[in-house]
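The first residue of the sequence shown is numbered 1, and numbering continues consecutively from there. One-based numbering, in listed order, for ligands and for the atoms of each.
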Amino acid sequence: MTDHKEYLDQHGIKKTKQRILILNILSQAENIMTVEEIYLELSKQGVVISLSTIYRIMELFLAKGLVVKSIIPGNNKGVFSLKRLEHNHHLICLKCKKTVALKGCPLTEFERNVEQQTEFNIVDHNLELYGYCNKCK
Ligand SMILES: [Zn+2]
Ligand SMILES: [Zn+2]
């Protein structure tokens, strides 16, 4: 709990009870979450925060680099996960949203080539693979 408060500090985000609660949920989540799922998880804990407030908080977290947002192909839903320190990519099941972290990064060399071709200084990238897990396929 205390780390999360410091975490907000480090990212220059003002601490509010709502933000800390949402951060806790994200840090305990094994899977990526939609705003609706965060809402449901909060109500399970007896906390009511409106969907639009959660949305605003997620946009703030996103702007401050605290979370990563992906769009699930097909339904245009934004899903969020806490940005972890280690760099990795995920397999995401479109049905149950189970996520599996992949070891290593296949894009390092690709990035270098793109940098050479475009003279961009690439600092980050995002790659998720979508499909159906064992149980859902
Ligand atoms: Zn699944
Ligand atoms: Zn990578």
Please check: side-chain N/O of Glu37 versus main-chain N/O of Thr34, any donor-acceptor pairing under 3.5 Å?
yes
Output field for angle at the Zn ion (ligand 1), Cys96.SG vs Cys136.SG, rounded to 10°, should show 110°
Going through the distances and angles, do Leu8 and Lys14 end up as a side-chain contact (heavy atoms from CB on, under 4.5 Å)?
CA-CA 7 Å; Leu8 290 177; Lys14 218 177 122 223; over 6 Å; no
Glu41 bridged to Lys44 by N-O distance under 4.0 Å
yes
For the Zn ion (ligand 2), the closest N/O/S atom belonging to His125
NE2
Does the plane of the ring in Tyr55 sit parallel, tilted or perpendicular to the ring in Phe80? Use 30° and 60° as the thresholds.
perpendicular
In His89, the N/O/S atom nearest the Zn ion (ligand 2) carries the name NE2
